[in-house]
Amino acid sequence: MAKRTIVTKEDPVLRKKSRPVEKVDDRIRILLDDMYDTMKEVGVGLAAVQVGILRRVVVIDIGDGRIDLVNPEIIATEGEQEEIEGCLSCPGENGYILRPLKATVKALDYNGNEFTMTGEGLLARAFCHEIDHLDGILFLDKVTEMVEFDD
Ligand code: ZN
(Lines give C-alpha, C1' and ligand atoms only; values in the text may rest on other atoms or scores of the structure.)
Protein backbone atom coordinates (compact mmCIF):
# COMPACT_ATOMS: atom_id res chain seq x y z
CA MET A 1 0.00 0.00 0.00
CA ALA A 2 1.09 3.55 -0.59
CA LYS A 3 0.05 6.97 0.51
CA ARG A 4 -1.21 9.31 -2.17
CA THR A 5 -1.28 13.10 -2.22
CA ILE A 6 -4.53 14.71 -1.08
CA VAL A 7 -5.62 17.57 -3.34
CA THR A 8 -6.94 20.73 -1.70
CA LYS A 9 -9.95 22.87 -2.53
CA GLU A 10 -8.04 25.15 -4.93
CA ASP A 11 -7.77 22.18 -7.32
CA PRO A 12 -10.65 22.28 -9.83
CA VAL A 13 -10.75 18.45 -9.97
CA LEU A 14 -12.72 18.53 -6.69
CA ARG A 15 -15.58 20.21 -8.55
CA LYS A 16 -15.89 17.45 -11.15
CA LYS A 17 -18.34 14.58 -11.09
CA SER A 18 -16.79 11.15 -10.61
CA ARG A 19 -17.60 8.27 -12.98
CA PRO A 20 -19.04 4.92 -11.85
CA VAL A 21 -16.72 1.94 -11.60
CA GLU A 22 -17.63 -0.76 -14.16
CA LYS A 23 -15.79 -3.60 -12.47
CA VAL A 24 -14.15 -3.92 -9.05
CA ASP A 25 -10.78 -5.25 -10.22
CA ASP A 26 -7.25 -5.16 -8.82
CA ARG A 27 -6.75 -1.57 -9.95
CA ILE A 28 -9.75 -0.50 -7.88
CA ARG A 29 -8.58 -2.61 -4.92
CA ILE A 30 -5.13 -0.98 -5.04
CA LEU A 31 -6.83 2.42 -5.14
CA LEU A 32 -8.96 1.47 -2.09
CA ASP A 33 -5.88 0.22 -0.20
CA ASP A 34 -3.91 3.37 -1.03
CA MET A 35 -6.82 5.61 -0.06
CA TYR A 36 -7.13 3.83 3.28
CA ASP A 37 -3.40 4.26 3.91
CA THR A 38 -3.69 7.93 3.01
CA MET A 39 -6.57 8.72 5.38
CA LYS A 40 -6.42 6.27 8.28
CA GLU A 41 -4.30 8.41 10.61
CA VAL A 42 -5.65 11.79 9.60
CA GLY A 43 -9.37 11.49 8.88
CA VAL A 44 -12.54 9.43 8.93
CA GLY A 45 -13.15 9.22 5.19
CA LEU A 46 -11.75 9.88 1.75
CA ALA A 47 -13.21 9.97 -1.77
CA ALA A 48 -11.07 9.01 -4.79
CA VAL A 49 -11.41 12.49 -6.27
CA GLN A 50 -9.43 13.75 -3.27
CA VAL A 51 -6.42 11.86 -4.61
CA GLY A 52 -7.21 13.08 -8.13
CA ILE A 53 -9.06 9.97 -9.40
CA LEU A 54 -12.55 10.69 -10.81
CA ARG A 55 -14.08 7.35 -9.86
CA ARG A 56 -16.99 6.68 -7.52
CA VAL A 57 -14.83 5.10 -4.80
CA VAL A 58 -14.88 5.95 -1.06
CA VAL A 59 -13.13 4.64 2.06
CA ILE A 60 -14.50 5.37 5.54
CA ASP A 61 -13.22 4.47 9.01
CA ILE A 62 -14.79 6.29 11.93
CA GLY A 63 -12.69 4.23 14.35
CA ASP A 64 -14.43 0.87 14.29
CA GLY A 65 -13.23 -0.64 11.05
CA ARG A 66 -12.68 0.05 7.39
CA ILE A 67 -15.66 0.41 5.05
CA ASP A 68 -15.04 0.28 1.29
CA LEU A 69 -17.74 1.82 -0.89
CA VAL A 70 -17.73 1.50 -4.69
CA ASN A 71 -20.51 3.29 -6.60
CA PRO A 72 -22.24 4.24 -3.32
CA GLU A 73 -25.75 5.67 -3.32
CA ILE A 74 -27.81 6.95 -0.41
CA ILE A 75 -31.08 5.04 -0.63
CA ALA A 76 -32.79 6.22 2.58
CA THR A 77 -32.38 8.87 5.25
CA GLU A 78 -34.06 9.59 8.55
CA GLY A 79 -34.08 12.52 10.96
CA GLU A 80 -31.53 15.30 11.08
CA GLN A 81 -28.41 16.41 12.93
CA GLU A 82 -26.35 19.57 12.84
CA GLU A 83 -22.71 18.93 13.72
CA ILE A 84 -19.24 20.28 12.96
CA GLU A 85 -17.44 18.87 9.92
CA GLY A 86 -14.08 19.32 8.35
CA CYS A 87 -12.44 17.90 5.23
CA LEU A 88 -8.94 16.69 4.41
CA SER A 89 -9.13 18.83 1.25
CA CYS A 90 -10.00 21.99 3.25
CA PRO A 91 -7.35 22.01 6.01
CA GLY A 92 -8.08 24.26 8.96
CA GLU A 93 -11.71 24.88 7.99
CA ASN A 94 -14.65 23.64 10.03
CA GLY A 95 -18.32 24.43 10.19
CA TYR A 96 -21.77 23.26 11.14
CA ILE A 97 -23.65 21.21 8.55
CA LEU A 98 -27.19 19.92 8.57
CA ARG A 99 -27.23 16.22 7.68
CA PRO A 100 -29.62 13.29 8.15
CA LEU A 101 -29.29 11.52 11.51
CA LYS A 102 -29.36 8.15 9.75
CA ALA A 103 -28.37 7.29 6.21
CA THR A 104 -28.60 3.96 4.40
CA VAL A 105 -26.10 3.42 1.64
CA LYS A 106 -26.05 0.82 -1.14
CA ALA A 107 -22.65 0.06 -2.66
CA LEU A 108 -20.25 -2.59 -3.93
CA ASP A 109 -17.59 -3.86 -1.52
CA TYR A 110 -13.89 -4.72 -2.01
CA ASN A 111 -14.87 -7.91 -3.85
CA GLY A 112 -17.54 -6.29 -6.00
CA ASN A 113 -20.47 -7.65 -3.99
CA GLU A 114 -23.47 -5.40 -3.40
CA PHE A 115 -24.40 -4.57 0.19
CA THR A 116 -26.41 -2.03 2.13
CA MET A 117 -25.45 -0.43 5.42
CA THR A 118 -27.18 2.05 7.71
CA GLY A 119 -25.06 4.58 9.56
CA GLU A 120 -26.13 6.84 12.39
CA GLY A 121 -24.50 9.99 13.76
CA LEU A 122 -20.90 10.35 12.59
CA LEU A 123 -21.15 7.42 10.17
CA ALA A 124 -24.25 8.92 8.51
CA ARG A 125 -22.36 12.22 8.16
CA ALA A 126 -19.35 10.45 6.68
CA PHE A 127 -21.53 8.67 4.09
CA CYS A 128 -23.15 11.97 3.04
CA HIS A 129 -19.89 13.98 3.06
CA GLU A 130 -17.94 11.47 0.95
CA ILE A 131 -20.77 10.82 -1.53
CA ASP A 132 -21.10 14.61 -1.99
CA HIS A 133 -17.43 14.60 -3.09
CA LEU A 134 -18.34 12.19 -5.92
CA ASP A 135 -20.68 14.85 -7.27
CA GLY A 136 -18.21 17.73 -6.93
CA ILE A 137 -19.77 19.08 -3.73
CA LEU A 138 -17.64 20.30 -0.82
CA PHE A 139 -18.89 20.60 2.77
CA LEU A 140 -18.16 24.33 2.51
CA ASP A 141 -21.11 24.59 0.08
CA LYS A 142 -23.47 23.43 2.84
CA VAL A 143 -22.01 25.07 5.96
CA THR A 144 -24.56 26.95 8.02
CA GLU A 145 -21.91 28.52 10.27
CA MET A 146 -18.11 28.39 10.16
CA VAL A 147 -16.32 27.59 13.42
CA GLU A 148 -12.90 28.84 14.54
CA PHE A 149 -10.76 26.58 16.71
CA ASP A 150 -7.92 28.02 18.82
CA ASP A 151 -4.77 25.96 18.59
ZN1 ZN B 1 -14.11 15.90 2.42
Side-chain angles (χ1 to χ4, degrees), residues 1-21 24 28-110 116-149 151:
M1 295 203 275
K3 284 191 187 177
R4 301 202 186 188
T5 304
I6 298 176
V7 300
T8 52
K9 65 172 185 178
E10 295 75 24
D11 194 320
V13 75
L14 287 172
R15 292 305 187 173
K16 294 190 174 159
K17 215 172 149 78
S18 295
R19 282 177 296 131
V21 170
V24 182
I28 296 297
R29 281 187 276 272
I30 289 167
L31 174 62
L32 282 162
D33 290 344
D34 285 356
M35 285 168 59
Y36 186 64
D37 244 25
T38 304
M39 64 69 90
K40 65 183 175 192
E41 280 152 25
V42 288
V44 300
L46 194 70
V49 62
Q50 293 180 275
V51 294
I53 309 283
L54 284 166
R55 288 299 183 143
R56 301 187 83 81
V57 173
V58 164
V59 173
I60 288 172
D61 188 343
I62 61 162
D64 52 11
R66 169 174 162 178
I67 302 166
D68 298 306
L69 302 168
V70 177
N71 300 341
E73 279 175 68
I74 306 247
I75 55 168
T77 61
E78 202 184 309
E80 56 181 40
Q81 57 176 325
E82 193 169 24
E83 297 292 341
I84 295 170
E85 281 180 28
C87 177
L88 292 173
S89 293
C90 312
E93 297 188 84
N94 298 91
Y96 281 96
I97 310 264
L98 190 64
R99 300 280 195 195
L101 180 61
K102 289 185 188 179
T104 301
V105 72
K106 182 175 86 170
L108 303 177
D109 68 12
Y110 195 81
T116 63
M117 183 184 253
T118 300
E120 191 173 339
L122 177 58
L123 185 54
R125 292 210 302 281
F127 285 158
C128 297
H129 179 116
E130 300 310 333
I131 291 169
D132 276 352
H133 273 303
L134 305 182
D135 293 317
I137 298 165
L138 294 179
F139 87 101
L140 295 171
D141 305 343
K142 296 184 169 179
V143 163
T144 49
E145 192 191 341
M146 293 301 286
V147 181
E148 299 283 332
F149 289 112
D151 356 68

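Remember, it's 1-based here, ligands and their atoms both numbered in the order they're listed.
- For Gln81 (side chain) and Gly121 (main-chain N/O), a donor-acceptor pair under 3.5 Å exists by modelled atom type.
- Under the 4.0 Å criterion applied to side-chain N and carboxylate O atoms, Asp135 and Arg56 are assigned as salt-bridge partners.
- A heavy-atom distance below 4.5 Å is not found between the side chains of Glu78 and Leu101.
- At least one side-chain heavy atom of Arg99 sits under 4.5 Å from a side-chain heavy atom of Glu85.
- Residue His133 approaches the Zn ion (ligand 1) most closely through its N/O/S atom NE2.
- The Zn ion (ligand 1) lies under 2.8 Å from an N, O or S atom belonging to Cys87.
- The Zn ion (ligand 1) is closest to atom NE2 of His129 (considering only N, O or S atoms).
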